[in-house]
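Beneath this line is the structure, given in structure tokens, with notes to follow.
Letters A, B, ... are given to chains in the order of the sequence lines, protein chains preceding strands, and every chain is numbered from 1. We use all heavy atoms of the structure for the numbers below, so side chains are in, but hydrogens, waters and symmetry mates are not. Since the model is a prediction, treat every value here as computed from it, not as a measurement.
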Amino acid sequence: MRRRRGLRGVDQPVCGAGAGVSEVLVASGWGERKDEFQRALLSWFWRARRDLPWRGVGDPYATWVSEIMLQQTQVITVIDYFQRWMARFPDVQSLAAADEEEVLEQWSGLGYYRRARFLHRAAKVVVDEHGGAIPSTLEGLRRLPGVGPYTAGAIASIAFGLPAPIVDGNVIRVFARLFAIAGDPRSTANQKIFWELAEALVDRNKPGDFNEALMELGARVCAPRSPACLLCPVREYCAGFASGEPEALPEVARRSAVKPMRALTVVVHRRGTSGRDMLVGPREAGGLLAGMLEFPTVEREGTRWPELDEVASLLGMPIVAEEVGEVTHIFSHRRLQTRMYAAEIDAPVTVAEERWRWVPELELGQAAISALTRKIYERWKTSEPV
DNA sequence: AACCCGGGGTA
DNA sequence: TACCCAGGGTT
């Protein structure tokens with residue numbers, strides 16, 4: 001391991017496996033400074049916070065929706081989705097009453113579609129078993145599908161004013177720097193420390209604001225790279241700032257650069273003369289992008305594209321199609337290489353498999369499709385003769 | 001407690 | 001390409 005000058009937590013970790021949070025706070029000289037820290041952070045937050053559409057709404061449902069959308073997804077991406085969602089499903093009853101496909105339509109493009117299904121299922125639970133009232137305790141929230149330790153704490157503190165701790169990626173980074181917490185932040189021992197710190201530090205009077213402030217600080221000041229320490233309201237408490245190398249923490253493990261390849265052959269069918277219909281169907285349950293609508297596709301692991309006649313037999317009909325290009329789509333854990341064909345179908349046509357159906361091209365943008373299918377569609381469109 | 005899962009955006 | 005993103009579920 002590379003050594004870093006002056007960073008206690010790295011060469012001789014103050015914190016790490018075995019140390020409890022009280023030792024951490026005492027070793028950092030924090031015992032009596034907690035109140036000052038809270039005030040400094042909160043007054044910064046009240047001055048500098050962003051005006052986000054889910055803030056200050058005073059509706060636990062809105063808080064819940066925003067927290068689910070924000071899981072592993074950046075604020076800037078969520079804003080528009082949140083507003084459209086709240087317009088279409090303004091309360092838990094309307095969400096519970098919706099079809100899953102409508103729910104996925106609203107989620108289309110956000111990714112991690114399992115979140116939408118959990119949220120939908122949980123809405124039914126809230127309506128059926130809680131009379132439409134979102135649970136107001138940590139334990140009650142935790143029982144809802146899709147609500148883990150972070151989300152339960154966020155809803156409890158933000159929507160219900162309970163002094164619940166939260167730990168997300170931002171909090172991990174902020175705490176790792178504030179207290180010079182060395183080692184893999186995901187390790188069990190360090191996770192325990194992060195949660196205990198969050199519990200110990202959360203402002204009992206303004207828990208929601210405090211938690212949001214911690215995350216806002218992580219997102220806008222205590223950034224992963226090039227943290228803006230000179231703008232930081234709590235830099236005088238920060239071991240990372242004192243060390244001169246705040247970026248050295250947290251110690252993130254490098255992920256493998258090798259992404260498994262998957263080869264897809266997709267045939268974009270358009271049905272013809274009266275209106276323009278596109279043939280789509282849901283992806284198989286359980287796999288990648290499960291249930292999301294796609295164009296007829298055959299895919300497999302590796303780099304060899306399935307042949308066109310495999311797609312033809314999948315559809316149970318002969319395909320006359322011309323190749324129109326390739327699309328590469330990269331997930332964080334996988335690479336998809338797509339070879340694309342275009343087929344014009346003269347009605348009437350019978351599609352053997354029931355899972356395929358025609359949808360008007362104009363409705364495709366609103367359908368429950370993934371960003372991958374959206375990308376394929378866009379590429380297909382630009383290859384069309386006008 | 002370890003492990004798996006998984007979409008998208010960006011520097 | 002690497003890394004990050006207001007994580008959760010399963011075993």
Practice item. Count the heavy atoms belonging to other residues, nucleotides or ligands that lie under 6.0 Å from CD of A:E284, then report whether that count exceeds 12. Key: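 No, CD of A:E284 has 12 or fewer neighbouring heavy atoms, counting only those of other groups under 6.0 Å.
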Look at atom CZ of A:R300 and say whether more than 12 heavy atoms of other residues, nucleotides or ligands are closer to it than 6.0 Å.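 It does: A:R300 CZ has more than 12 such atoms within range.
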> Taking only residues two or more places apart in sequence, or in another chain, which ones meet A:E105 in a side-chain contact (heavy atoms from CB on, under 4.5 Å)?
Replying inline: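 For A:E105, the residues satisfying side-chain contact (heavy atoms from CB on, under 4.5 Å) (neighbours in sequence not counted) are A:R88, A:E101, A:A368.
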Contacts of A:T151 that satisfy side-chain contact (heavy atoms from CB on, under 4.5 Å) - sequence neighbours left out: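 Partners of A:T151 under the side-chain contact (heavy atoms from CB on, under 4.5 Å) test: A:E67, A:I68, A:Q71, A:V147, A:I155.
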*Using atom P of each nucleotide, how far apart are C:dC5 and B:dC5 to the nearest Å?*
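Looking at atom P only, C:dC5 and B:dC5 are 23 Å apart.
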Point to revise | Gap in Å between the two P atoms, one belonging to B:dC3 and one to C:dA6, rounded | key: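 My reading of the P atoms in B:dC3 and C:dA6 gives 26 Å.
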| task | Select from A:T188 and A:S108 the residue whose nearest nucleotide in DNA chain B is closer to the 5' end of that strand. | result |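 The residue closer to the strand's 5' end, by nearest nucleotide, is A:T188.
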* Closest nucleotide of DNA chain B for A:R225 versus for A:H329: which of these residues is on the 5' side? ->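 Its nucleotide being nearer the 5' end, the pick is A:H329.
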message: What residues from residues 283-304 of chain A pass a heavy-atom cutoff of under 4.0 Å to DNA chain B?
response: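 A:G287, A:L288, A:L289, in order of number.
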Q. What are the bounds, 5' to 3', of the part of DNA chain B that sits under 4.0 Å from heavy atoms of chain A?
A.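 Listing 5' to 3', DNA chain B meets chain A from B:dA1 to B:dG8.
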With sugar-phosphate taken as primed atoms, P, OP1 and OP2 and all else as base, the protein-contact string of nucleotides 5-11 of chain C at under 4.0 Å (heavy atoms; B, S, -) is BBBBS--
Query raised in the report: If you take all heavy atoms of A:P246 and A:C229, which pair is closest and at what distance?
Result: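 In this case the closest contact between A:P246 and A:C229 is CG-SG, 3.8 Å.
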Spatial distance of atom OG1 (A:T297) from atom CZ (A:R283) [nearest 0.5 Å] =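 Answer rounded to 0.5 Å: 7.0 Å.
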Exercise for review: Would you indicate what A:R374 reaches in the nucleic acid, counting non-hydrogen atoms under 4.0 angstrom: base, sugar-phosphate, or nothing?
Suggested key: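 Since no nucleic acid heavy atom lies under 4.0 Å of A:R374, the category is nothing.
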Does a salt bridge link A:R225 with A:E247, judged by any charged N lying under 4.0 Å from a carboxylate O?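 Answer for the salt bridge query: no.
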Less than 4.0 angstrom from a charged side-chain N to a carboxylate O is my criterion; do A:E36 and A:R39 meet it?
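Answer for the salt bridge query: no.
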Protein-nucleotide distance (A:R334, atom CZ; C:dC3, atom P), rounded to Å:
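Going from A:R334 (CZ) to C:dC3 (P), I get 20 Å.
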Could you go step by step and tell me if A:R49 and A:E212 meet the side chain to side chain contact (heavy atoms under 4.5 Å, CB included) rule? CA-CA 9 Å; A:R49 67 181 154 190; A:E212 287 199 77; 6.0 Å; no
**Item:** Interface residues of residues 363-373 of chain A with DNA chain C (non-hydrogen, below 4.0 angstrom)
**Value:**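 Within this stretch, nothing sits under 4.0 Å of the strand.
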Among A:W107, A:W54, A:W64, A:Y61, ring-ring contact (aromatic ring centres under 6.0 Å, His included) partner for A:F82:
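Among A:W107, A:W54, A:W64, A:Y61, the one that satisfies the ring-ring contact (aromatic ring centres under 6.0 Å, His included) with A:F82 is A:W54.
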Answer whether the closest heavy-atom distance between the side chains of A:R271 and A:L279 falls below 4.5 Å.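 No - every pair of side-chain heavy atoms lies 4.5 Å or more apart.
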(message) Is the shortest side-chain heavy-atom distance between A:N205 and A:D203 below 4.5 Å?
(response)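 Yes - at least one pair of side-chain heavy atoms lies under 4.5 Å apart.
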Quiz item: Ring centroid separation for A:W85 and A:Y81, is it under 6.0 angstrom?
Solution: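 Between A:Y81 and A:W85, which both carry aromatic rings, the centre distance is not below 6.0 Å.
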